[in-house]
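Okay, so here's the structure we're looking at.
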Amino acid sequence: MRFTAKTISLAVASAFVVLGCGKPEAPPPPKAEQPAAPPAKPTVTVKIGHVSPLTGPQAHLGKDNENGARLAIEEANARKLEIGGAVVTFDLLGEDDQADPKQGTTVAQKLIDAKVNGVVGHLNSGTTIPASKLYHDAGIPQISPSATNPKYTQQGFKTAYRVMANDEQQGKVLGDYATHQLAAKKIAIIDDRTAYGQGVADEFEKAAKAGGATIVAREFTNDKATDFAAILTKIKSKKPDIVMYGGMDAQAGPMAQQLKKLGIKSRMLFADGGCTTEFHKLSGDAGEGHYCSLPGLPLDKMPGGPAFKEKYAKRFNVDIQLYAPYAYDAASVMIDAMQRANSVESAKYLEALPKTNLDGVTAKITFDEKGDVKDAAITLYQAKGGKWEALESIGGGAPAPAQPAAMEGMGGMTAAPAAAPAAAAPAEKK
Amino acid sequence: MDTFIQQIINGLVLGSIYALVALGYTMVYGILGLINFAHGEVVMIGALTALTVIKLLADSGLPGTLVVLIGMLAAIPVCMALGFTIERVAYRPLRNAPRLAPLITAIGVSIVLQQLAMIFWGRNYHAFPPILPTTGRDIGGAHITDLQIVIVLLAAAIMAGLMLLVNKTRLGRAMRATAENPQIAGLMGVNINVIISATFLIGSALAAVAGVMVSANYSIAHYHMGFILGLKAFTAAVLGGIGNLPGAMLGGVLLGLIESLGAGYIGDLTGGFLGSHYQDVFAFFVLILVLVFRPSGLMGEKVAERA
């Protein structure tokens with residue numbers, strides 16, 4: 001698949017025009033799209049909403065998601081897809097929910113009013129769950145790249161999908177790892193009281209208790225805090241083997257540092273929210289030796305990981321933060337379903353979504369009856385030399401825990417895209 | 001016992017930072033009767049400016065403490081200029097407007113500054129380079145880093161300096177006169193515009209110092225950091241009695257201690273019924289109690305004088 005500079009700039013320009021942000025570096029829009037296509041083929045513009053926090057403490061992750069979805073949409077536009085006899089141009093409407101559940105429903109309504117045909121998002125579980133009710137009532141399919149709270153798909157909404165393993169799976173893997181491999185007996189748990197942080201911490205607690213560990217402290221903070229001295233001091237007095245934190249990197253980094261300053265020697269465990277490159281920047285050398293888990297495989301082990309990394313860097317000139325590949329896949333799944341249904345109508349392509357069988361960047365994506373991605377892998381990492389080093393992957397068609405085996409497993413799966421003839425054009429792979 | 005001492009230390013450090021920011025709120029309120037909600041953002045700009053300078057110099061081979069000092073000295077004039085501009089552009093034209101107007105303007109300025117900082121410094125978190133010595137000392141089993149000692153002492157020294165300035169100098173006398181009645185002070189030959197500008201300059205310089213302290217202590221700076229900090233410091237100022245300088249200091253330290261001890265002991269005291277996520281609730285509960293029994297705050301007797 002080749003892009004000409006013109007098609008890309010057209011796609012970029014139209015995306016910016018729709019967003020109304022008019023970035024100065026964007027090339028001037030070369031006229032409107034409609035008159036630019038003289039052939040008889042009719043064109044339609046399909047609006048796809050994307051929601052993530054673009055301001056506030058998680059803005060760096062939110063922009064990352066939006067970039068991922070934008071990349072998928074720009075590529076789809078460059079391919080000039082024909083759906084239902086018309087050439088489709090996708091417009092990404094990027095909205096900001098500030099990671100705030102109240103704002104999440106407000107922008108969800110805004111997207112519904114703007115008559116979007118689908119929504120990629122939101123980033124946080126806390127915003128995704130209340131918004132999913134609105135999308136469901138409006139009959140708009142929603143694919144979240146990164147909301148991992150199990151409740152999201154347990155509400156019985158036919159419109160709710162996600163492309164990432166949920167916290168039930170992740171918390172369990174972390175809990176098992178803490179009690180078995182790390183042989184922790186006394187565990188302290190902190191969470192940030194968001195739907196995500198609390199959810200993953202609760203699942204972890206269950207698994208850790210089942211593994212025979214004692215929970216010596218259960219403390220709480222919030223997703224805007226920077227000072228954890230008080231709760232860490234309390235935890236210090238309980239002398240835990242492991243401190244687990246359910247929350248995002250902006251808290252995880254400073255927390256690791258304050259842990260070290262207070263002279264606590266325990267290792268920390270994070271779920272995916274702390275499993276970012278940002279964590280190392282924020283924790284410095286205090287981050288060394290801590291563990292984290294991430295749904296899916298490491299970026300360079302993902303079927304389309306290295307290629308995606310390159311594309312992303314080329315297009316946006318920044319590093320991938322965390323969930324961009326998932327946002328890319330979420331948008332790709334949506335476009336793929338539209339192609340298979342040969343319709344951009346929400347109600348029609350919604351029927352095609354359960355039959356998704358797409359070789360995404362992150363994994364081969366198929367859904368179970370609830371809308372959760374099937375057989376999702378989870379990988380454990382340890383911080384070494386300012387990087388997350390993959391320890392082992394669990395699930396994802398890779399029963400053997402060793403990394404090379406996991407790689408082979410994934411490789412085997414990518415070799416069989418032809419099995420689904422109806423699935424036209426899998427996600428971009430160069 | 002060592003846990004208790006540690007919690008007291010945690011509270012003192014946190015409280016000193018709150019106090020320093022609270023001074024900025026209380027000075028402006030004392031003189032103008034205006035709650036300068038943009039003050040937290042000035043702290044944030046101070047922190048990010050200092051951090052930018054510090055990052056540039058981090059590899060220069062200069063001693064870490066000196067680099068941080070240079071960063072702070074760079075941030076102070078930037079913040080002073082910013083504070084001065086805010087007052088000139090946003091507050092002075094509204095000085096005789098109904099009181100609600102400058103309050104709304106203040107919130108507007110706060111949002112504008114936040115977004116400007118987001119555009120300029122980006123959405124990412126900025127880590128403070130690890131150039132300061134992380135050594136510390138143990139007091140009865142509790143641990144305090146040298147940086148934290150400096151924070152507490154510096155905050156106390158600034159407070160003492162400010163008290164001297166307000167009570168012993170010509171400028172201070174003019175400030176007190178303006179606070180009491182701007183019109184009469186003007187008739188007595190006090191140039192109130194100069195005094196108000198000076199107040200903003202001093203408050204903003206304190207904000208710069210506080211910003212550097214916060215980012216050095218937590219090793220983190222972000223365009224959004226001023227919001228919560230400003231809110232807490234405002235609470236501290238109200239707790240101590242807004243408009244009253246020692247009150248701001250007392251309120252800040254007290255709020256820090258309440259939060260720290262609240263988070264540390266509330267769970268045990270209530271048998272696990274309330275957890276550490278109630279630390280803010282606890283802090284605001286104390287604030288409400290104080291306001292019920294002393295509506296002008298702990299030390300704020302003079303507040304009612306200003307109409």
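First the proteins, then the strands, lettered A, B, ... as listed; each starts at 1. Since we're looking at a predicted model, the values are computed, not measured.
Judged purely by atom type and a 3.5 angstrom limit, B/S276 uses its side chain to pair as donor or acceptor with the backbone of A/F220. The backbone N or O of B/N124 sits nowhere less than 3.5 Å from a side-chain atom of A/K63 that would complete a donor-acceptor pair. Judged by distance alone, with hydrogens and angles left aside, the side-chain atoms of B/N10 form a donor-acceptor pair with the main-chain N or O of A/A229 at under 3.5 Å. With hydrogens and angles disregarded, no donor-acceptor distance shorter than 3.5 Å links the side chain of B/Y223 to the backbone of A/P57.
When only modelled atom types and interatomic distance are considered, A/T233 and B/Q6 share no side-chain donor-acceptor pair under 3.5 Å.
If you tally non-hydrogen atom pairs under 4.5 Å between each of A/K260, A/K281, A/R218 and chain B, the highest count goes to A/K281. Chain B forms more heavy-atom pairs under 4.5 Å with one residue of A/T226, A/I231, A/D227 than with any other, namely A/D227. Chain A forms the most heavy-atom pairs under 4.5 Å with one residue out of B/I144, B/L14, B/T145, and that residue is B/L14.
Using a 4.5 Å cut-off between heavy atoms, A/S283 does not touch chain B at all. Only the side chain of A/Q258 comes within contact range of chain B, with at least one heavy atom under 4.5 Å from a heavy atom of that chain. With a threshold of 4.5 angstrom between heavy atoms, A/N222 approaches chain B through side-chain atoms but not through N, CA, C or O. The parts of B/S219 that come within reach of chain A are both its backbone and its side chain, each placing non-hydrogen atoms under 4.5 angstrom from that chain. For A/L54, the parts sitting under 4.5 Å from any heavy atom of chain B are the backbone and the side chain alike.
Note that NE2 of B/H143 is 11.0 Å distant from CD1 of A/I264, once rounded to the nearest 0.5 Å. With values rounded to the nearest 0.5 angstrom, B/Y218 atom OH is found 12.0 Å from A/Q257 atom CD. With rounding to the nearest 0.5 angstrom, the CD atom of A/Q58 is 10.5 Å from the NE2 atom of B/H224. Put simply, CG on B/L229 and NZ on A/K224 are 15.0 Å apart, with the number rounded to the nearest 0.5 Å.
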Verdict with supporting geometry, B/Q115 and A/T55, side chain to side chain contact (heavy atoms under 4.5 Å, CB included): CA-CA 9 Å; B/Q115 300 306 313; A/T55 55; 4.0 Å; yes
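In this structure, A/F316 places its CZ atom where more than 12 heavy-atom neighbours from other residues, nucleotides or ligands lie under 6.0 Å away. For B/K55, the NZ atom counts as densely surrounded, since its 6.0 Å shell holds more than 12 non-hydrogen atoms of other residues, nucleotides or ligands. Within a 6.0 Å sphere centred on CG of A/D319, other residues, nucleotides and ligands contribute 12 heavy atoms or fewer.
Using a 4.5 Å heavy-atom cutoff, the side chains of A/K236 and B/D2 are not in contact.
Nearest heavy atom pair, residue A/K261 against residue B/N217, reads NZ-O, 2.7 Å. Contact between A/A230 and B/A263 at its shortest, heavy atoms only, is CB-CB, 3.6 Å. Between A/A250 and B/I220, the shortest heavy-atom contact is O-CD1, 3.9 Å. Minimum interatomic distance between B/T3 and A/S237 (heavy atoms only, all atoms of both residues): OG1-CB, 3.4 Å.
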